[in-house]
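Inspection log for the structure reproduced underneath, given as C-alpha cells.
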Amino acid sequence: MAIVLGIESSCDETAASVCISGQVINNKIASQSIHSNYGGVVPELASRDHHKNIVPIVHEALNDAEINTKDLDAIAYTRGPGLLGSLLVGSSFAKAMAASLSIPIIPVHHMKAHILAHFIDEPKPPFPFICLTVSGGHTQIVKVDSPMDYTMLGQTLDDAVGEAFDKAANLLGLSYPGGAVIDKLAAEGNPHAFQFSTTEMQHLNYSFSGIKTSILHFLRKERKKNKLFIKDNLNDLAASIQRSLIDMLMNKLVKAATSQKINQVAIAGGVSANSELRKRLKVLAQENQWTTYIPNVQYCTDNAGMVSMSGHILYEKEQFGALDENPLPRMSF
Ligand code: KG4
Ligand code: ZN
C-alpha cells in the first residue's frame with residue numbers, strides 16, 4: 001500500500017495532503033484572501049501566492065503525517081482544469097520533487113477529484129452512482145461507473161452555479177467569494193419572498209446566465225423606488241436567490257436519477273458545502289428512495305485531500321504521468 005502526496009493549485013487554494021494506504025491523513029490548505037479586494041480571482045496574483053505557499057504547505061502536510069520525502073511512493077497533482085499560471089506552480093513543483101525522488105507522478109483531473117473525495121470517508125458510494133458536481137467553474141451531472149469511467153449526463157452551457165452565487169452576491173454588495181455569505185444570510189430569510197426568472201435548458205443541461213440578468217434588472221427596478229431596498233431585504237434576497245438556484249439544480253438531478261434508474265446520489269464541489277442544498281438533498285432522498293452521499297465540508301471546496309485520494313486510487317491502477325506533460329487549463333473530462 002502506497003504513501004501518496006497530493007498537491008492542489010488549480011485556482012486560489014494552495015493545498016497539500018498525505019494519503020497512507022488509502023487513508024487521507026491530513027488536508028492542509030493555504031487560502032488566498034487577496035482576491036476579495038477585486039471581486040474575483042486575479043490570475044497573476046494567484047500564481048504569485050501559490051509560489052509563496054507551496055513549499056510551506058507541502059512541508060506542513062509531510063511533517064504532520066510524520067513522513068519523510070524518501071517515504072513517498074508517488075506525487076499526485078492537479079493537471080487541470082484551472083488557471084494556467086496556478087496549475088503551472090503545482091505541476092512544476094510536483095514534477096521536480098518526483099524527479100528528484102525518482103518516484104512516479106500522477107496527474108489528476110480536478111473535477112474527477114471532487115467526485116473521488118467521496119472515497120475519503122465512510123460511507124463510500126457503491127458504483128454506479130450519480131454525482132452533481134457544483135463549483136465556481138463547473139456544474140455537471142455525472143454518472144460514475146468506476147473511478148476510471150465517467151459519463152457526463154448534463155452540464156451548464158454558460159455560467160457555473162458557483163459563479164451565479166458569486167455574481168448575485170456581488171450585485172448585493174457582498175464580498176467575494178459570495179456563495180458562503182449568501183448561505184449564511186439566507187438562513188434568516190424567506191426563500192419565497194422574491195421570484196426570479198430562470199432558464200430551462202433541454203435535456204439535463206443548465207444555464208445560469210439568465211437568472212443573473214433577472215436579479216440585476218429586479219434590483220435596479222426596486223432601488224429606483226427605494227435606495228435602501230437591498231439593505232432592507234438582504235436576508236430575503238439571499239434566501240430567494242439561493243432557493244431559485246437550488247430549485248434549478250435539483251429539478252435536473254431528479255430527472256437524471258429517474259432516467260438512469262440509479263438511486264445512489266452524491267453531491268460534490270464548493271457549492272455542495274451549501275447548507276440548504278445539503279438539506280434539500282436529504283428531503284429528495286426520502287421522496288425518491290435515494291441513498292445520498294454528502295461529503296464533509298472540508299472536502300467540498302478546493303482541497304488536496306481529494307487529490308491525494310485520487311492519487312491513491314490511480315496509483316493502484318498504475319495510471320502514471322510523464323514529466324513532459326503540460327498542465328491543461330481546459331482539460332477535457
Ligand atoms: O470547488 P470550489 O472550491 O472551487 C472551484 O473548483 O471552482 O468552488 C468554489 C465555489 C465558489 O463559487 C463559492 O462561492 C462556492 O463554491 N461556495 C458556496 C458555498 N461555499 C462555497 N456556494 C454556496 N454556498 C456555500 N456554502
Ligand atoms: Zn474545485
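No experiment lies behind these values; they were computed from the predicted model shown. Ligands are counted one by one from 1 in listed order, and the atoms in each one are counted from 1 as well. Just so it is clear, the values below take in all heavy atoms, side chains as well, and ignore hydrogens, waters and symmetry mates.
Distance from atom 3 (O) of ligand 1 to its nearest protein heavy atom, with residue and atom name: Asp302 N, 2.9 Å. When hydrogens are left out, the protein atom nearest atom 9 (C) of ligand 1 is Gly136 N, 3.6 Å; that is the closest non-hydrogen contact. Distance from atom 20 (N) of ligand 1 to its nearest protein heavy atom, with residue and atom name: Gly270 O, 3.5 Å. Here the heavy atom of the protein found nearest to atom 24 (N) of ligand 1 is Asn274 ND2, 3.0 Å. Among protein heavy atoms, the minimum distance from atom 12 (O) of ligand 1 is reached at Asp166 OD2, 2.7 Å.
Remark: side-chain polar atoms of Asn303 are paired, donor with acceptor, to backbone N or O of Thr301 under 3.5 angstrom.
For the pair Leu45/His35, a side-chain contact is recorded, criterion being any heavy-atom separation below 4.5 Å from C-beta on.
Those atoms of ligand 1 that come under 4.0 Å of a heavy atom in Val271, given as number and element, are 15 (C), 16 (O), 18 (C), 22 (N). For ligand 1, the atoms closer than 4.0 angstrom to any heavy atom of Gly137 are 7 (O). Close approach of ligand 1 to His110 (heavy-atom distance below 4.0 Å) involves ligand atoms 6 (O). Close approach of ligand 1 to Gly162 is summarised as follows: ligand atoms under 4.0 Å from at least one heavy atom of the residue are 12 (O).
The shortest separation from a heavy atom of Ala180 to ligand 1 is under 4.0 Å, placing the residue in contact. Assignment of His114 to the shell around ligand 1 is supported, since a heavy atom sits closer than 4.0 Å. For the ligand labelled ligand 1, residue Glu13 lies outside the 4.0 Å heavy-atom shell.
At a threshold of 4.0 Å, the pair Glu200-Lys252 counts as salt-bridged, since one of the basic side-chain nitrogens sits closer than that to a carboxylate oxygen. Note on Lys124 versus Glu122: salt bridge recorded, some NZ/NE/NH1/NH2 to OD/OE distance being below 4.0 Å.
Ring centroids of Tyr315 and Phe320 are separated by less than 6.0 Å, placing the two rings close together. The six-membered or imidazole ring of Phe333 lies near that of His109, with a centre-to-centre distance under 6.0 Å. For an aromatic pair to be called close, the ring centres must be under 6.0 Å apart, and Phe119 with Tyr293 fails this.
Both the backbone and the side chain of Thr301 come within 4.0 Å of ligand 1, counting heavy atoms alone. Counting heavy atoms under 4.0 Å from ligand 1, residue Asp183 touches it through the side chain alone.
For His110, the nearest N, O or S atom to the Zn ion (ligand 2) falls under 2.8 Å. Among the atoms of Cys11, none of the N, O or S atoms falls under 2.8 Å from the Zn ion (ligand 2).
In terms of N/O distances under 3.5 Å, ligand 1 is approached by Gly179. Residue-to-ligand polar distances keep Val134 apart from ligand 1: every N/O pair is separated by 3.5 Å or more. The shortest N or O to N or O distance between Pro177 and ligand 1 is not under 3.5 Å. For Gly269, no nitrogen or oxygen atom sits less than 3.5 Å from a nitrogen or oxygen atom of ligand 1, counting backbone and side chain alike. Checking only distances, Glu163 never comes within under 3.5 Å of ligand 1, N or O to N or O. Polar contact with ligand 1: absent for Ser275 (N/O pair, distance under 3.5 Å).
The NE2 atom of His217 sits 10.5 Å away from the NZ atom of Lys212 when rounded to the nearest 0.5 Å.
Taking all atoms of both residues into account, the shortest heavy-atom contact from Ser86 to Ala46 is OG-CB, 3.7 Å. For Ala186 against Gln242, the heavy-atom pair with the smallest separation is CB-NE2, 3.5 Å.
Side-chain contact, Asp64 with Asn26: a donor N or O sits under 3.5 Å from an acceptor N or O.
Distances from the Zn ion (ligand 2) to the N/O/S atoms of Asp302 are shortest for OD1. If you look at His114 and ask which of its N, O or S atoms sits nearest the Zn ion (ligand 2), the answer is NE2.
Ring-plane geometry between Phe196 and Phe194 is classed as tilted, the angle between the planes lying from 30 to 60 degrees on a 0 to 90 degree scale.
Under the 6.0 Å distance and 45° angle rule, Lys143 does not count as a cation-pi partner of Phe129.
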* To do: Please step through side chain to side chain donor-acceptor pair (under 3.5 Å) for the pair Asn288 and Asn263, ending with a clear verdict.
  => CA-CA 8 Å; Asn288 296 282; Asn263 55 8; over 6 Å; no
